[in-house]
*Asks:* 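Dropping a structure here in structure tokens format, bear with me for questions.
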Amino acid sequence: MTEIVFPPGFVWGSATAAYQVEGAATEDGRGPSIWDTYSHTPGRTLGGETGDVAADHYHRWADDLDQLSALGLGAYRFSVSWPRVQPGGSGPANRAGVDFYSRLVDRLLELGIRPVATLYHWDLPQELEDAGGWPARDTALRFADYAATIVGALGDRVHTWTTLNEPWCSAYLGYASGVHAPGRTEPAAALAAVHHLNLAHGLASRVIRDLAPAAQLSVTLNLHVIRPATESPGDTDAARRIDALANRAFLGPMLDGVYPADLLADTAGTTDWSFVHDGDERTAAAPLDVLGVNYYSTTLVRAWDGSSPRSSADGHGRSAHSAWVGADRVEFLSQPGPHTAMGWNIEPAGLTELLLRLHREYPDLPLMITENGAAFDDVVSPDGAVHDDRRVDYLRRHVAATAEAMAAGADVRGYFVWSLLDNFEWAYGYERRFGIIRVDYQTQERTWKDSAHWYRRLTTTGHLP
Ligand code: IFM
């Protein structure tokens, strides 16, 4: 096997998100978010677990940053909690919240680690949801104000500002299938949310350019690699339809300045898209410096003729309501293993395919893998170690898949493991562990898994071990 070596400037990082790690849910003036409400609603999360304490990162942040340094990382991707910075989603900043992120960023810079900050990783202030949430246009305007508050305070001490993390999840899981906060199941509202997230991205992008001109601007999308079960016209059309909802609903406005015509036609029975105002698509198409790509697995679809019960193994949780608005005639098929503990199939070739598609369609846009990783049922050995060989294998194969895309021309600038720490995996609570560092939730003790040791060898040499 030829040795895989990454170019010297390639950035190795790791990622977390505020609600998943911080805890301190009511401390220092933080207001409630939709995830506080959702996780505290009986039946919404596995075991009724919440992010109240999570990995207690709000108190342990300094030690956690030392872990990043020990891992040899060049960048840390974290998210800013909107309700910590603006407790009700509008109005003046909560000083204590801003100061928390300011200290975090300063310490990262002292350690020589690039801060990569995401403005929104799903924790909408509850007051804004009460006023309509993402289906309401005003939420996009509030988001731009919030961006001005935090970007104004941290400016270009942050190396890369990312507006949104996975707006697909915010819109469709939050407002169509309801398996994420706020748990609404209103297909038309989900499409309005898609648009207002795109608009929010564009409005916040302008703010970032104005207030942090030296910073890099990005957005992170969980683009789907969709495969039709056969080459039949029906299955091919099913794949096209899902591609429109999952990928082009965001790539269209954000990168091409227009919604794809087939998306509007496919969903015409649900909404007339009159919430798109003149100029919105242009606003959404703010020029980016880098596109963040989150990748975990692939999606297999076929046309459903209605004659047998419809399979819905889309990997995005169980609900009587589909996340896939306007795709009632599409079936999501389970895929051959191996699978991770999330039930997601392991398919590194999908990452190569995705990076090459983006390179082909947007050749001038640099790419960054902002999340990739796997949940497995980790076991603590008698000696206290976690020999997570399957995670090491998953990461190795996906890093190799990245190298393959780069060798074929894709301009990939970096790779972030999801996640630095075990954390609150949304509706799955604490059961699903993605960290390369284990968190003992009783003691909050951190232990490097074998994958962390493996990753350190990669980050410090640039050679794939
Ligand atoms: O934990 C999530 C993260 O918040 C967003 N991307 C997918 C991860 C694993 O499900």
Side-chain angles (χ1 to χ4, degrees), residues 13-23 33-36 38-39 45-46 49-51 54-55 57 76-82 116-124 162-174 177 179-181 197 218-225 246-247 250 291-299 313-318 323 339-347 350-351 354 368-378 388 391 394-395 398 415-439 451:
S14 184
T16 63
Y19 190 70
Q20 295 183 271
V21 295
E22 285 180 2
S33 78
I34 53 174
W35 267 98
D36 294 280
Y38 188 82
S39 64
T45 65
L46 206 62
E49 285 168 335
T50 73
H57 175 73
Y76 176 46
R77 174 175 181 253
F78 61 96
S79 81
V80 175
S81 159
W82 186 349
V116 175
T118 301
L119 287 171
Y120 185 72
H121 197 124
W122 308 351
D123 42 1
L124 184 71
T162 302
T163 54
L164 306 172
N165 176 71
E166 302 182 355
W168 183 91
C169 297
S170 304
Y172 298 111
L173 302 184
S177 68
V179 299
H180 276 192
L197 284 153
S218 74
V219 64
T220 279
L221 302 177
N222 58 322
L223 298 165
H224 286 55
V225 175
N247 300 331
F250 302 99
L291 175 67
V293 177
N294 290 357
Y295 175 83
Y296 292 89
S297 66
T298 59
T299 303
D314 70 352
H316 297 294
R318 281 179 202 288
H339 298 102
T340 68
M342 296 296 282
W344 297 343
N345 65 306
I346 301 175
E347 175 73 75
L351 177 57
L354 175 59
M368 184 77 97
I369 297 168
T370 38
E371 283 183 28
N372 175 241
F376 288 108
D377 297 329
D378 295 325
D388 57 339
R391 185 175 290 105
Y394 179 101
L395 295 175
H398 285 78
Y415 173 97
F416 291 71
V417 169
W418 183 268
S419 177
L420 176 70
L421 302 168
D422 288 338
N423 58 49
F424 177 75
E425 178 52 28
W426 309 111
Y428 295 97
Y430 295 97
E431 199 193 79
R432 307 286 160 85
R433 292 176 177 269
F434 275 91
I436 56 171
I437 296 181
R438 179 179 174 82
V439 175
S451 53

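In this text, all values refer to a predicted model and were calculated from it rather than measured experimentally. Both ligands and their constituent atoms are indexed starting at 1 by order of listing. Here, residue 1 is the first one in the sequence, and each next residue gets the next number. Excluded from the calculations below are hydrogen atoms, water molecules and symmetry mates; all remaining heavy atoms, backbone and side chain alike, are included.
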*Asks:* Got an N/O contact under 3.5 Å between Gln20 and ligand 1?
*Replies:*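 There is such a contact, yes.
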*Asks:* Can you tell me how far the OG1 atom of Thr299 sits from the NE2 atom of His316, to the nearest 0.5 Å?
*Replies:*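 It is 5.5 Å, given to the nearest 0.5 Å.
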*Asks:* Give yes if a backbone or side-chain nitrogen or oxygen of Trp344 is under 3.5 Å from a nitrogen or oxygen of ligand 1, and no if not.
*Replies:*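 It does not: no N or O of Trp344 is found under 3.5 Å from an N or O of ligand 1.
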*Asks:* Looking only at the side chains, is there a donor atom on one of Tyr76 and Thr16 sitting less than 3.5 Å from an acceptor on the other?
*Replies:*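 Yes, side-chain donor-acceptor contact under 3.5 Å.
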*Asks:* Are any of the N/O atoms on Asn423, whether in the backbone or the side chain, positioned under 3.5 angstrom from an N/O atom of ligand 1?
*Replies:*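 The answer is no, given that Asn423 and ligand 1 share no N or O pair closer than 3.5 Å.
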*Asks:* Roughly how far, to the nearest 0.5 Å, is the CG atom of Asn222 from the CZ atom of Phe250?
*Replies:*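 Nearest 0.5 Å value for the CZ-CG distance: 8.0 Å.
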*Asks:* Check contact between Tyr295 and ligand 1, using heavy atoms of the residue and a distance below 4.0 angstrom.
*Replies:*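 The answer is no: ligand 1 sits nowhere under 4.0 Å from a heavy atom of Tyr295.
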*Asks:* When the ring planes of Trp35 and Phe424 are compared, do they come out parallel, tilted or perpendicular, using 30° and 60° as the limits?
*Replies:*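 Correct class here is perpendicular.
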*Asks:* So if I count the atoms of ligand 1 from 1 in the order they appear, which ones are less than 4.0 Å from some heavy atom of Trp426?
*Replies:*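 Those qualifying, in numeric order: 1 (O), 2 (C), 3 (C), 4 (O).
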*Asks:* Using a strict 4.0 Å cut-off to heavy atoms of Glu166, name the atoms of ligand 1 that fall inside it.
*Replies:*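 This gives 5 (C), 6 (N), 7 (C) as the contact atoms.
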*Asks:* Taking only heavy atoms of His121 into account, list the atoms of ligand 1 that are under 4.0 Å away from them.
*Replies:*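 Counting from 1, the qualifying ligand atoms are 3 (C), 4 (O), 5 (C).
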*Asks:* To the nearest 0.5 Å, how far apart are OG1 in Thr220 and CG in Asn165?
*Replies:*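 That separation rounds to 6.0 Å.
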*Asks:* Looking at ligand 1, does Arg432 have a heavy atom less than 4.0 Å from it?
*Replies:*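 For ligand 1, residue contact (heavy atoms, under 4.0 Å) with Arg432 is absent.
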*Asks:* Between ligand 1 and Trp122, is the shortest N or O to N or O distance under 3.5 Å?
*Replies:*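 No; the residue has no nitrogen or oxygen that sits under 3.5 Å from a nitrogen or oxygen of the ligand.
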*Asks:* For atom 10 (O) of ligand 1, what's the nearest protein heavy-atom neighbour? Residue, atom name and distance, please.
*Replies:*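 The closest one turns out to be Glu425 OE2, 2.6 Å.
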*Asks:* Would a line drawn from the ring center of Trp344 to the ring center of His339 be shorter than 6.0 Å?
*Replies:*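 No, the ring centres sit 6.0 Å or more apart.
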*Asks:* How far is atom 7 (C) of ligand 1 from its nearest protein heavy atom, and which residue and atom name does that atom have?
*Replies:*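 Its nearest protein heavy-atom neighbour is Glu371 OE1, 3.2 Å.
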*Asks:* Classify the angle between the aromatic ring planes of Trp426 and Tyr19 as parallel (below 30°), tilted (30 to 60°) or perpendicular (above 60°).
*Replies:*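 Aromatic pair Trp426/Tyr19 classed parallel.
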*Asks:* Less than 3.5 Å between some nitrogen or oxygen of Asn165 and one of ligand 1, yes or no?
*Replies:*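 No: no nitrogen or oxygen of Asn165 is under 3.5 Å from one in ligand 1.
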*Asks:* Evaluate the ring planes of Tyr394 and His398, with Trp represented by its six-membered ring, and classify them as parallel (under 30°), tilted (30 to 60°) or perpendicular (over 60°).
*Replies:*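 Parallel.
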